[in-house]
Amino acid sequence: MEITKQCVVALTWTLKDTLGEELDVLDEPVEFLVGGDDLLPKIEEALQGRKASDRLELHLEPEEAFGDFDDQLLFLEPRDRFPPEIEEGMTFEGHALPEGTNPAAPRDALYTVSEMYPEHVVLDGNHPLAGIALRLSLRVAAVREATEEEIGRGTAGTGFFRIQPAVPGNGTVH
């Protein structure tokens, strides 16, 4: 079966920056809905017409991936507004930021604690891969028709590098 809109692809990949540093490896196939919200548009475009066992090498500029780094999404917040167990790398959904944080911080963003100081923390609303050009080696492990439920939800259940609120130490980016 060839990949078309509204099908599910199982992919493995190696993701590197342009200097060759490995950012993420997915050894076991994970399913993504083509034509939904799971994959970046440039990846979907490159997958069209491919089939199981095909391999692709993609180069994604920041604007084709997670956008340019936006320093307007950095916020210096009082340390005492956050729980005592806060650590660098922890994430907070914008709508769940502690009361008293900067009202200019968009509430639909996901914030990562990027730096900590005795009296302040720095919240970063950029995607961790924002501003980075990426090299992606993909392998199509399988292709199948999407179910009506998957099409209705717009996802096969896994988004490409969606960063979810996580517990400290969970560095998963897929």
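Computed from a predicted structure; not experimentally measured.
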Asks: Following the transitive rule for hydrophobic clusters with a side-chain heavy-atom cut-off under 4.5 Å over Ile, Leu, Val, Met, Phe, Trp and Tyr, establish whether Ile86 and Val122 coincide in one cluster.
Replies: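 No: no chain of side-chain contacts under 4.5 Å links Ile86 to Val122.
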
Asks: Checking the side chain of Glu150 only, and the main-chain atoms of Ala156 only, is there a donor and an acceptor separated by less than 3.5 Å?
Replies: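 Between the backbone of Ala156 and the side chain of Glu150 there is no qualifying donor-acceptor contact (under 3.5 Å).
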
Asks: Can you give me the closest heavy-atom contact between Leu60 and Leu40, atom names plus distance?
Replies: CD1-CD1, 4.1 Å

Asks: Just by modelled atom types, is the Pro84 backbone N or O under 3.5 Å from a matching donor or acceptor in the Arg79 side chain?
Replies: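 It does hold such a pair.
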
Asks: Do the charged groups of Arg144 and Glu31 touch, with an N to O distance under 4.0 Å?
Replies: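 Salt bridge present between Arg144 and Glu31.
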
Asks: So how far is it from Ile3 CD1 to Lys51 NZ, rounded to the nearest 0.5 Å?
Replies: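 That separation rounds to 10.0 Å.
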
Asks: Between Leu134 and Ala65, what is the shortest heavy-atom contact and its length?
Replies: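 Closest approach of Leu134 to Ala65: CD1-CB, 3.9 Å.
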
Asks: Check whether more than 12 heavy atoms from other residues, nucleotides or ligands sit under 6.0 Å from atom CD of Glu145, and answer yes or no.
Replies: no

Asks: Would you indicate whether the side-chain heavy atoms of Leu138 and Thr12 approach each other to under 4.5 Å?
Replies: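 No, their side chains stay 4.5 Å or more apart.
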
Asks: Donor-acceptor check, side chain of Asn126 to backbone of Leu73, threshold 3.5 angstrom: yes or no?
Replies: no

Asks: Work out which heavy atom in Arg55 is nearest to a heavy atom in Arg50; give both atom names and the distance.
Replies: O-NH1, 3.9 Å

Asks: Taking a hydrophobic cluster as the set of Ile, Leu, Val, Met, Phe, Trp and Tyr residues connected by side-chain heavy atoms closer than 4.5 Å, whether directly or through intermediates, do Met1 and Val30 fall within one such cluster?
Replies: yes

Asks: Using 0.5 Å steps for rounding, measure from the CG atom of Leu47 to the CG atom of Leu58.
Replies: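 Atom-to-atom, Leu47:CG and Leu58:CG are 7.5 Å apart.
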
Asks: Would you check, one step at a time, whether the test side chain to side chain contact (heavy atoms under 4.5 Å, CB included) holds for Thr112 with Leu123?
Replies: CA-CA 6 Å; Thr112 302; Leu123 297 180; over 6 Å; no

Asks: In the single-linkage hydrophobic clustering (I, L, V, M, F, W, Y; side-chain heavy atoms under 4.5 Å), do Phe75 and Met116 co-cluster?
Replies: yes

Asks: Indicate the atoms forming the closest heavy-atom contact of Ala146 with Leu33, along with that distance.
Replies: CB-CD1, 3.6 Å

Asks: What are the two closest heavy atoms between Thr101 and Arg81, and how far apart are they?
Replies: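 Closest approach of Thr101 to Arg81: N-CD, 4.3 Å.
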
Asks: Could you tell me whether the side chain of Glu22 and the main chain of Thr14 form a donor-acceptor pair under 3.5 Å?
Replies: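 It does not hold such a pair.
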
